[in-house]
Enquirer: 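Let me give you the structure first, and then I'll get to my questions.
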2 protein chains.
Amino acid sequence: MTAGSAPPVDYTSLKKNFQPFLSRRVENRSLKSFWDASDISDDVIELAGGMPNERFFPIESMDLKISKVPFNDNPKWHNSFTTAHLDLGSPSELPIARSFQYAETKGLPPLLHFVKDFVSRINRPAFSDETESNWDVILSGGSNDSMFKVFETICDESTTVMIEEFTFTPAMSNVEATGAKVIPIKMNLTFDRESQGIDVEYLTQLLDNWSTGPYKDLNKPRVLYTIATGQNPTGMSVPQWKREKIYQLAQRHDFLIVEDDPYGYLYFPSYNPQEPLENPYHSSDLTTERYLNDFLMKSFLTLDTDARVIRLETFSKIFAPGLRLSFIVANKFLLQKILDLADITTRAPSGTSQAIVYSTIKAMAESNLSSSLSMKEAMFEGWIRWIMQIASKYNHRKNLTLKALYETESYQAGQFTVMEPSAGMFIIIKINWGNFDRPDDLPQQMDILDKFLLKNGVKVVLGYKMAVCPNYSKQNSDFLRLTIAYARDDDQLIEASKRIGSGIKEFFDNYKS
Amino acid sequence: MTAGSAPPVDYTSLKKNFQPFLSRRVENRSLKSFWDASDISDDVIELAGGMPNERFFPIESMDLKISKVPFNDNPKWHNSFTTAHLDLGSPSELPIARSFQYAETKGLPPLLHFVKDFVSRINRPAFSDETESNWDVILSGGSNDSMFKVFETICDESTTVMIEEFTFTPAMSNVEATGAKVIPIKMNLTFDRESQGIDVEYLTQLLDNWSTGPYKDLNKPRVLYTIATGQNPTGMSVPQWKREKIYQLAQRHDFLIVEDDPYGYLYFPSYNPQEPLENPYHSSDLTTERYLNDFLMKSFLTLDTDARVIRLETFSKIFAPGLRLSFIVANKFLLQKILDLADITTRAPSGTSQAIVYSTIKAMAESNLSSSLSMKEAMFEGWIRWIMQIASKYNHRKNLTLKALYETESYQAGQFTVMEPSAGMFIIIKINWGNFDRPDDLPQQMDILDKFLLKNGVKVVLGYKMAVCPNYSKQNSDFLRLTIAYARDDDQLIEASKRIGSGIKEFFDNYKS
């Protein structure tokens with residue numbers, strides 16, 4: 001497969017192109033089903049499948065009270081709540097009789113259709129043909145489970161996987177469990193949105209000169225794992241021009257891109273120091289269309305003429321993590337291999353979680369249904385509006401926290417820089433060493449700083465603990481990651497920011513003294 | 001480790017004894033966590049964990065209507081329903097703020113405690129010490145997921161796994177995906193409860209003479225996987241005396257026993273031809289204690305002085321399959337390795353499923369709470385009562401089906417034998433070839449029979465499709481598996497039984513004619 005080749009639209013060419021990416025273990029996987037899933041006519045009595053009749057389930061019905069507004073506690077907003085009722089027969093397309101029963105490993109059809117439509121509207125793969133039949137979506141049990149299934153399918157002892165030098169380190173555990181090797185990819189740590197994230201120059205040099213480079217003893221990478229938007233821990237997003245360059249490198253050096261995107265919908269407009277709490281999400285002319293087109297970063301899928309991108313999304317950040325519900329988007333050949341693994345391991349994600357998500361999205365749509373929209377459109381529109389409210393709240397928290405950090409004595413003394421995030425749940429704070437040299441024992445010094453922060457009453461994550469290779473990233477690890485997601489309210493974020501300022505100031509007051 | 005050695009009560013001896021059973025891949029598994037899970041005091045603000053505040057979840061509350069009686073549709077039974085209310089703060093020990101949040105991989109504590117107590121009361125491991133600290137339970141995402149995690153932990157290319165010659169074949173897929181080899185273990189297919197199930201003579205000979213036996217080119221088995229009670233597909237249960245022999249073999253030949261027990265609670269008293277619909281579950285003197293002591297088969301755990309048994313249970317058959325919720329019982333060393341795998345792959349099972357199960361069990365307890373019972377006892381008692389009702393219903397369905405089968409012309413002409421099941425969801429029907437020789441092309445003939453059954457309007461599973469090695473089990477595969485679990489009602493089971501009779505009769509009417 002070479003750059004610029006015609007899109008591999010059919011299954012035969014997908015198979016030819018992507019078979020070489022499969023792990024050694026894939027061949028041992030096949031579901032030995034003893035049943036025959038073919039439909040039987042209504043007058044045949046089913047005594048084959050070992051499924052309990054739904055009347056054996058102790059749950060007769062479930063009623064959900066759904067908040068249409070996050071942090072909804074204004075009792076006057078009667079219409080800010082809605083409800084959903086589920087029972088053995090209702091909603092007709094996904095009643096309890098279905099969602100509490102054994103079900104298709106790939107996900108229950110009504111939710112699956114919603115999700116494919118959702119992806120198709122926002123990040124339709126560039127290799128998609130008119131029938132949309134060469135790509136698909138499967139549900140999975142949270143992004144960690146998605147990752148596991150993806151890496152088990154495309155990685156083994158012979159595989160080298162590239163990962164941003166700072167990352168959600170459990171992803172590494174996941175890769176390494178397959179026997180594959182992980183190498184760190186240099187990032188530009190800056191709040192300049194046009195240059196932040198993966199260092200494309202570095203990546204190009206590394207790949208173009210692999211055989212003479214630092215990892216020449218490893219096989220050339222077959223996979224790039226990237227959290228390209230609102231990255232964890234940095235909050236940075238790879239700008240569009242870099243995405244294009246990275247995709248071209250993927251074509252030239254023939255690697256797959258695993259794009260993990262749990263945070264992307266939480267987009268942050270730039271901070272306005274003149275008006276710190278300005279929130280463009282509150283603007284009356286912010287339509288869902290504008291949010292999707294002007295705010296959100298586009299997935300690598302939208303550049304993917306070759307079908308080499310695997311995208312992971314999750315309901316954890318925009319609905320709830322306890323659902324353990326996520327989805328994987330990929331070309332049909334690779335996705336089938338991922339599904340083969342699910343078939344013999346986890347099988348389907350929780351049907352109760354699927355039912356709750358589906359019913360909530362549907363209830364939000366119904367409570368806003370206008371005559372001009374079909375149910376399908378209303379569900380999409382309603383869900384995007386919910387997501388925008390979550391994003392708006394995160395944006396407010398981000399602004400509030402930046403403002404409070406900037407007001408600290410420590411900041412004003414130049415002791416730290418805030419890497420204003422472009423999306424997500426995290427803010428990183430880079431320590432400025434000023435007249436001091438950057439310490440040789442950076443991790444130890446950061447541990448000391450951490451003690452001062454705890455003493456001041458705030459708990460954060462130290463950057464060096466999220467380095468793929470602490471030695472490689474030694475020069476860059478003098479940062480703290482804080483999350484704006486968990487705090488109770490604005491006051492707590494403001495208080496925490498003050499404490500961070502005090503902690504850093506105390507650290508320097510005691511530094512080398 | 002040899003037979004009769006002192007129980008390995010502490011972690012050090014568990015480690016020494018069971019380290020050799022770990023798969024090659026275990027060593028690659030370690031969660032690279034960047035967070036520090038230590039408790040922080042209340043006055044420290046948490047900005048570390050990337051968890052959304054629970055007020056970001058769109059679900060404000062969930063109300064469950066719970067049926068205390070399966071197939072509950074008598075509107076007069078007001079008190080046959082109860083309810084459970086869940087909201088962000090309630091129930092206090094497992095509110096939505098917890099169950100919808102990121103959570104412990106091993107399961108949410110309130111449910112986990114219930115489950116450990118449950119196992120401890122019914123099948124306390126023989127190796128357990130007074131503190132119960134050398135064994136534990138973890139939750140998992142359905143028994144298929146449990147199996148996967150267990151086999152990935154104890155199997156690799158070097159492992160031979162013994163499985164009953166007929167089995168739930170996806171279990172084989174699960175084993176084979178690790179690279180391990182599966183060999184079939186001969187079963188006695190009989191309705192005599194004292195001799196049915198694994199052929200212990202065969203097993204003894206096979207293991208004692210391994211180096212000259214049919215599988216001498218494989219490594220000696222390190223694992224026996226067995227569905228010892230209400231086996232799938234046969235409905236048979238390994239009697240107690242055989243369990244003791246098998247456990248002794250496990251000690252002598254040093255293998256682990258993976259006991260998969262999804263069906264064991266559905267115990268069937270013997271069929272009474274004089275009074276076919278007699279149901280001992282309806283007897284007024286059937287206490288929960290009698291059910292547990294006199295009805296249920298005891299787990300291999302209760303014989304397990306060495307800590308070599310891994311037990312799998314699930315909520316699928318006694319609550320609902322769509323929950324994807326199960327649990328694994330094992331010694332703490334092996335269980336930790338299984339948990340390590342969960343930590344880097346699926347993580348926790350669905351919190352919503354856990355919340356629904358916990359709240360249901362608690363609501364059942366509350367609605368029956370008497371002053372003499374603690375909440376813990378009431379939950380145990382209430383849940384067993386629910387399980388007994390499920391078992392009662394299954395027993396009724398079994399009796400009804402046997403009666404209807406025995407009334408068919410085909411049965412009375414001696415064309416089939418019913419292997420009356422001792423537990424579970426399945427009945428197998430053995431074809432009697434009578435004056436004919438057993439056909440050489442048995443699978444083909446069974447396929448023809450299947451067509452006659454479908455033509456008569458009933459769908460079943462053919463025995464040969466559930467053989468571990470169809471060639472090995474060729475002589476025994478002339479049976480049909482039918483399930484009594486899914487049918488709508490009594491009438492449908494009676495009608496299906498008639499159709500089975502007609503289908504078999506038509507098959508023979510056309511056989512070799």
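Below, read A as the first sequence line, B as the second, and so on, with proteins coming before strands; counting in each chain starts at 1.
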Enquirer: Is it the backbone or the side chain of A:Asn456 that comes under 4.5 Å from a heavy atom of chain B, or both, or neither?
Expert: neither
Enquirer: Could you tell me which of A:Ala355, A:Ser99, A:Ser350, A:Ser41 has the largest number of non-hydrogen atom pairs under 4.5 Å with chain B?
Expert: A:Ser350
Enquirer: Please classify the contact of A:Gln354 with chain B as side chain, backbone, both or neither, using a heavy-atom distance under 4.5 Å.
Expert: neither
Enquirer: With side chain to side chain donor-acceptor pair (under 3.5 Å) as the criterion, how do A:Ser80 and A:Asn72 come out once you've worked through the C-alpha distance, each side chain's angles and the decisive distance to 0.1 Å?
Expert: CA-CA 8 Å; A:Ser80 67; A:Asn72 185 355; 3.1 Å; yes
Enquirer: Are A:Tyr263 and A:Phe426 an aromatic pair, judged by ring center distance below 6.0 Å?
Expert: yes
Enquirer: Please step through side chain to side chain donor-acceptor pair (under 3.5 Å) for the pair A:Ser140 and A:Asp145, ending with a clear verdict.
Expert: CA-CA 7 Å; A:Ser140 193; A:Asp145 182 47; 2.9 Å; yes
Enquirer: Examine whether an atom of B:Met364 lies under 4.5 Å from a heavy atom of chain A, and if so say whether it belongs to the side chain, the backbone or both; otherwise answer neither.
Expert: side chain
Enquirer: Could you tell me if the side chain of A:Pro170 sits less than 4.5 Å from the side chain of B:Trp35, heavy atoms only?
Expert: yes
Enquirer: Is it the case that more than 12 heavy atoms not belonging to A:Lys498 sit under 6.0 Å from its NZ atom?
Expert: no
Enquirer: Between B:Arg24 and B:Glu152, is there a side-chain N and carboxylate O pair less than 4.0 Å apart?
Expert: no
Enquirer: Identify which of B:Leu86, B:Thr83, B:Ile356 forms the greatest number of heavy-atom pairs closer than 4.5 Å to chain A.
Expert: B:Ile356
Enquirer: Using heavy-atom distances under 4.5 Å, tell me whether A:Arg499 contacts chain B through its side chain, its backbone, both, or neither.
Expert: side chain
Enquirer: Given that the side chain runs from C-beta out, which part of B:Leu341 has a heavy atom under 4.5 Å from chain A: side chain, backbone, both or neither?
Expert: neither
Enquirer: Which one of A:Asn232, A:Ile66, A:Ile484, A:Ile318 has the most heavy-atom pairs closer than 4.5 Å to chain B?
Expert: A:Ile66
Enquirer: Shortest non-hydrogen contact from B:Ser359 to B:Leu64?
Expert: CB-CD1, 4.4 Å
Enquirer: Do B:Glu104 and B:Arg98 sit within salt-bridge range, that is, some charged N less than 4.0 Å from a carboxylate O?
Expert: yes
Enquirer: Looking at A:Ser353, A:Ala487, A:Gly141, which one has more heavy-atom pairs under 4.5 Å with chain B than the rest?
Expert: A:Ser353
Enquirer: At a heavy-atom separation under 4.5 Å, does A:Thr360 approach chain B through its side chain, its backbone, both, or neither?
Expert: side chain
Enquirer: Is the shortest heavy-atom distance from the side chain of A:Arg55 to the side chain of B:Arg488 under 4.5 Å?
Expert: no
Enquirer: Using non-hydrogen atoms and a 4.5 Å limit, figure out which bit of A:Ser316 sits close to chain B: side chain, backbone, both or neither.
Expert: both
Enquirer: Select one option (side chain, backbone, both, neither) describing which atoms of A:Ala103 are under 4.5 Å from chain B's heavy atoms.
Expert: neither
Enquirer: Among A:Arg481, A:Gln389, A:Arg25, A:Met147, which residue has the highest count of heavy-atom pairs closer than 4.5 Å to chain B?
Expert: A:Arg25
Enquirer: In terms of heavy-atom proximity below 4.5 Å to chain A, should B:Asp87 be classed as side chain, backbone, both, or neither?
Expert: neither
Enquirer: Can you say whether A:Ser61 sits under 4.5 Å from chain B via the side chain, the backbone, both, or neither, judging by heavy atoms?
Expert: both
Enquirer: Would a 4.5 Å heavy-atom cut-off, applied to side chains only, mark A:Leu482 and A:Thr401 as touching?
Expert: yes
Enquirer: Which region of A:Asn144, side chain (C-beta onward) or backbone (N, CA, C, O), has a non-hydrogen atom less than 4.5 Å from a non-hydrogen atom of chain B, or is it both or neither?
Expert: both
Enquirer: So for A:Phe100, is it side chain, backbone, both, or neither that comes closer than 4.5 Å to the heavy atoms of chain B?
Expert: both
Enquirer: Give, as side chain, backbone, both or neither, the part of B:Phe34 having an atom under 4.5 angstrom from any heavy atom of chain A.
Expert: both
Enquirer: Taking the six-membered ring of A:Phe81 (Phe, Tyr or Trp), confirm whether the NZ or CZ of A:Lys68 is under 6.0 Å from its centre and within 45° of its axis.
Expert: no
Enquirer: For A:Thr169, does its backbone N or O pair with a side-chain atom of A:Thr167 as donor and acceptor, under 3.5 Å?
Expert: no
Enquirer: Of the listed residues (B:Thr352, B:Val458, B:Thr345), which shares the most heavy-atom pairs with chain A below a 4.5 Å separation?
Expert: B:Thr345
Enquirer: Looking only at heavy atoms and a cut-off of under 4.5 Å, which of B:Glu27, B:Lys317, B:Glu495, B:Lys149 has the most pairs with chain A?
Expert: B:Lys317
Enquirer: Between A:Lys65, A:Glu54, A:Lys465, which has the largest tally of heavy atom pairs under 4.5 Å with chain B?
Expert: A:Lys65
Enquirer: If you count heavy-atom pairs under 4.5 Å between each of B:Pro349, B:Ser143, B:Pro52 and chain A, which one has the most?
Expert: B:Pro52
Enquirer: Of the backbone (N, CA, C, O) and the side chain (C-beta and beyond), which part of A:Leu480 lies under 4.5 Å from a heavy atom of chain B, both, or neither?
Expert: neither
Enquirer: Heavy-atom distance under 4.5 Å to chain B: side chain of A:Met425, backbone, both or neither?
Expert: side chain
Enquirer: Taking NZ, NE, NH1 and NH2 as the nitrogens, is one of them in B:Glu176 or A:Arg29 under 4.0 Å from a carboxylate oxygen of the other?
Expert: no
Enquirer: Using the ring of each side chain (for Trp, its six-membered ring), is B:Phe319 parallel, tilted or perpendicular to B:Trp383, with breaks at 30° and 60°?
Expert: tilted
Enquirer: Report which part of B:Asp43 has an atom under 4.5 Å of a heavy atom belonging to chain A: side chain, backbone, both, or neither.
Expert: backbone
Enquirer: Is the shortest heavy-atom distance from the side chain of A:Val175 to the side chain of A:Lys181 under 4.5 Å?
Expert: no
Enquirer: Quick check on ring pair (Phe, Tyr, Trp, His ring centres under 6.0 Å): which of B:Trp386, B:Tyr486, B:Tyr394 does A:Phe56 satisfy it with?
Expert: B:Tyr394
Enquirer: Heavy-atom pairs under 4.5 Å with chain A - which of B:Pro233, B:Ser30, B:Ala177 has more of them than the others?
Expert: B:Ala177
Enquirer: Heavy-atom pairs under 4.5 Å with chain B - which of A:Gly351, A:Ala320, A:Ala467 has more of them than the others?
Expert: A:Ala320
Enquirer: First locate atom CD of B:Gln492, then atom CD1 of A:Ile45, and finally report the distance between them rounded to the nearest 0.5 Å.
Expert: 4.5 Å
Enquirer: Counting only heavy atoms closer than 4.5 Å, note whether A:Leu493 contacts chain B via side chain, backbone, both or neither.
Expert: side chain
Enquirer: Sort out for me which of B:Lys393, B:Arg324, B:Lys32 touches chain A most, counting heavy-atom pairs under 4.5 Å.
Expert: B:Lys32
